[in-house]
Amino acid sequence: MTDFTYDLGADGVATITWDVVAKSMNVMSTEGLILLDQLIDQALADEACKGVIITSAKKDFAGGMDLNVIAQMRAGGAQAMFDGVMQLHGVLRKIERAGMDPKTLKGGKPIVTVLPGTALGIGLELPLATHRIFAADNPKAKIGLPEIMVGIFPGGGGTTRLVRKMGAMAAAPFLLEGKLSNPKAAKAAGLIDEVCEDPMAAARDWVLSAKDGDLVKPWDAKGYKMPGGAPYHPAGFMTFLGASAMVHGKTMGVYPAAKALLSAVYEGALVPFDTALKIEARWFTNLLLNPSSSAMIRSLFINKEALEKGANRPQVEDQSVNKVGILGAGMMGAGIAYVSANAGIEVVLIDASQEAADRGKSYSTGILDKGIQRKKVTEEKKAEVLARITATTDYAALEGCDLIVEAVFEDPGVKAEVTAKAEAVIPETAIFATNTSTLPISHLAKASKRPEQFIGIHFFSPVDKMLLVEIIKGAQTGDVAVAKALDFVRAIRKTPIVVNDARFFYANRCIIPYINEGIRMVAEGVNPVLVENAAKLVGMPLGPLQLVDETSIDLGVKIAKATKAAMGDAYPDGAVDEVVFWMADQGRLGKKADAGFYSYAGGKRAGLWAGLADQYPRAEEQPELTEVQHRLLMAQVLEAVRAFEQGVLTDIREGDVGAILGWGFAPWSGGPFAWLDIIGAPRAVEICEALEAAYGPRFNAPALLRDIVEKGDSFYARFGGGQAAAAA
Ligand code: NAD
């Protein structure tokens with residue numbers, strides 16, 4: 001165990017160096033903390049030691065707490081967790097007090113941190129406990145407390161220290177939004193103290209010349225007042241009152257982390273520092289025991305990372321993409337070209353006319369120009385990225401491409417034609433991918449000479465913003481094609497899921513029933529305001545009616561017609577079509593037409609459209625909020641379970657990560673399968689039975705769900721390691 005090493009210099013300055021073996025980024029483990037504690041004791045006891053610099057041997061300081069450790073800590077129960085957190089506070093508080101006399105505040109040893117690069121989570125909380133933070137001038141470094149993004153809050157004293165250091169208002173973006181800054185911005189905000197060319201030398205000078213008073217934190221000094229005012233100060237009162245309303249408005253009250261954070265901040269602000277730490281620890285423990293936070297950490301951190309690292313990648317050699325050919329430079333093709341070129345991949349962007357190809361390339365110019373305006377992109381970077389994109393109509397330019405991504409019109413004939421044209425030019429080993437959203441991959445593969453090298457890579461719109469990519473295996477798709485698609489998705493820094501070929505694959509299969517359920521309710525006379533708010537209050541980013549407006553009503557009509565043609569008598573969505581077709585007849589095609597389920601003013605939503613009530617009069621009796629929410633959630637969740645049961649989805653981790661990243665499924669729940677585990681399979685079946693009795697067989701509980709009830713099981717207990725339903 002050598003996470004930290006101690007080295008006393010001839011000048012009396014000790015360096016404690018963090019370097020977790022076999023990891024590219026330092027993370028804090030329980031053992032690491034114990035060792036750090038021992039080394040601090042050693043430094044404080046060593047007469048020859050005048051002060052300490054804590055730094056890292058890696059290019060970055062630290063990425064945070066080892067979240068796997070947090071996951072394990074839960075097993076010990078509330079008291080063990082609280083004790084663990086208090087132990088962490090004890091070590092950090094020891095560093096902060098640095099051996100000084102608690103009454104006179106004299107006689108402590110200066111302890112500082114030097115950040116060579118990124119410092120996140122505990123990687124910033126530890127520095128915040130030291131007496132001064134020096135950072136290298138490394139514009140790529142990210143400094144901040146991103147815990148809230150995975151459903152927890154900074155529980156290593158970061159919450160209490162930051163609020164006391166900068167005031168609740170100034171700390172809010174860092175704590176509540178997980179805002180990350182580069183060193184210069186972090187210094188300007190007051191997160192760190194110095195940014196320098198040679199931070200080690202500056203830190204050493206500071207340590208050797210520090211006076212007793214330099215080591216006393218404001219909150220330990222006499223007469224400390226919280227910047228911006230504590231809760232009962234008139235200014236502070238406004239902040240605390242406003243913060244609570246604002247956070248609730250943004251989170252709809254479904255994220256326990258935001259509530260627990262605010263409670264820790266508010267209650268902590270009323271008491272002395274050490275008591276505030278204890279309060280922080282209580283709320284942190286409370287949060288860690290909340291199933292929502294564990295589900296969020298599991299999906300948004302542990303499993304997301306596992307999928308990105310290739311948890312489901314076949315064991316074949318590296319398939320890095322060097323040159324990608326993109327067929328069709330429309331909305332999707334242009335976006336795929338940008339993300340590829342931005343990741344350093346050479347791109348040939350083909351369309352039927354030079355003008356269309358150029359227009360596709362200019363999409364990248366637009367994004368890069370916006371980046372320049374926001375100072376995120378340099379002119380050199382823009383030139384580099386654009387130079388990688390060749391916009392042309394000439395298929396000969398595809399020579400040497402090791403991957404093709406086809407994004408032409410959603411028409412099998414057009415797709416077959418471009419497949420043949422590309423395959424005539426590309427190397428025999430190249431992989432051909434289609435971005436189709438509705439056509440079966442196995443069917444499109446018939447146009448290919450090499451169906452085992454044919455695959456679906458399904459992007460979401462807008463490509464540069466959406467984090468998920470669905471990889472679809474056709475009946476004959478081989479391992480190399482899957483590996484190629486995964487290596488490509490990894491290079492463009494998105495999260496992949498791998499699914500089998502079936503109607504609408506995974507994401508669209510689940511989201512369509514959500515939209516349809518919302519529309520069905522409108523037809524039944526449920527107040528659309530209730531439908532939309534019920535969705536948001538259960539954590540969906542958009543209500544179903546807003547979502548259909550965004551994606552357009554005519555797309556809905558198109559999909560409905562195609563699905564009906566394919567399913568024949570088994571088609572179940574007649575009631576939905578009636579509404580959608582009527583809307584289309586009224587010319588209310590959604591946001592793009594400035595008229596849909598919502599009214600619009602200047603492209604902005606201006607309330608639900610009043611005319612809807614004339615056609616679909618409101619029922620006198622409106623359903624309970626919970627019932628509407630159950631319908632909206634179950635419509636999606638049952639489809640996810642069926643997709644898993646049928647082997648379309650082969651890993652529930654992909655089902656959960658894909659749902660959150662693909663269509664924003666209530667992130668607080670950790671995904672559809674995690675939600676079922678939170679409410680428990682018996683309760684889920686009970687809900688299904690009630691909904692089925694009232695609304696019909698689409699809510700029939702799948703056999704797999706019933707089996708889980710029978711065996712007293714849960715989805716994650718049975719399938720959490722990535723086991724497929726068929727194998728269980
Ligand atoms: P689009 O109409 O914006 O772009 C299609 C482009 O293909 C056009 O620029 C067109 O000129 C070009 N094209 C047509 N025939 C061609 C040919 N023979 N040779 C070369 N270029 C040709 O459509 P889009 O929205 O970008 O969709 C493209 C594909 O992506 C479709 O298969 C669609 O189902 C799929 N998709 C779309 C979305 C979405 O949200 N729009 C999401 C996922 C997948």
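Counting starts at 1 for both ligands and their atoms, in listed order. Because the structure is predicted, anything quoted here is derived from the model rather than measured. Quick note: residue numbers are just sequence positions, from 1.
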Closest to atom 2 (O) of ligand 1 (judged by heavy-atom distance), picking from Phe409, Phe459, Tyr395: Phe409
Closest protein heavy atom to atom 6 (C) of ligand 1, given as residue, atom name and distance to 0.1 Å: Gly330 N, 3.7 Å
Among protein heavy atoms, which sits nearest to atom 20 (C) of ligand 1, and what does the distance come to when rounded to 0.1 Å? Ala352 N, 3.4 Å
If you scan protein heavy atoms around atom 40 (O) of ligand 1, the nearest is Ser461 CB, 3.3 Å
If we only count N/O pairs under 3.5 Å, is Glu417 in contact with ligand 1? no
Residue, atom name and distance, where the atom is the protein heavy atom closest to atom 3 (O) of ligand 1: Met331 N, 3.0 Å
Between Thr551, Asn435, Ile350, Leu327, flag the one that comes closest to atom 35 (C) of ligand 1 by a heavy atom. Asn435
Only one of Glu532, Glu550, Lys591 passes side-chain hydrogen bond (donor to acceptor under 3.5 Å, both in side chains) with Tyr598, and that residue is Glu532
Is it the side chain (CB and beyond), the backbone, both or neither of Phe460 that lies under 4.0 Å from ligand 1, heavy atoms counted? neither
Below 30° counts as parallel, above 60° as perpendicular, anything between as tilted: where do the rings of His458 and Phe460 land? tilted
Identify the protein heavy atom lying closest to atom 29 (C) of ligand 1, giving its residue, its atom name and the separation to 0.1 Å. Val408 O, 3.4 Å
Pull out every atom of ligand 1 sitting under 4.0 Å from any heavy atom of Val414, numbered as shown with elements. 15 (N), 18 (N)
Where is the nearest protein heavy atom to atom 11 (O) of ligand 1: which residue, which atom, and how far? Asp351 OD1, 2.6 Å
Does any N or O of ligand 1 fall below 3.5 Å from an N or O anywhere on Glu410, backbone included? yes
Atom 25 (O) of ligand 1 sits nearest the protein heavy atom Met332 CG, 3.8 Å
Assess the pair Tyr600 and Trp609: is the distance between their ring centroids shorter than 6.0 Å? no
Nearest heavy atom to atom 17 (C) of ligand 1, choosing from Val405, Val418, Ile326, Thr438, belongs to Val418
From the candidates Ala407, Ser552, Ser437, the one that places a heavy atom nearest atom 5 (C) of ligand 1: Ala407
Do the ring centers of Phe719 and Phe644 come within less than 6.0 Å of each other? yes
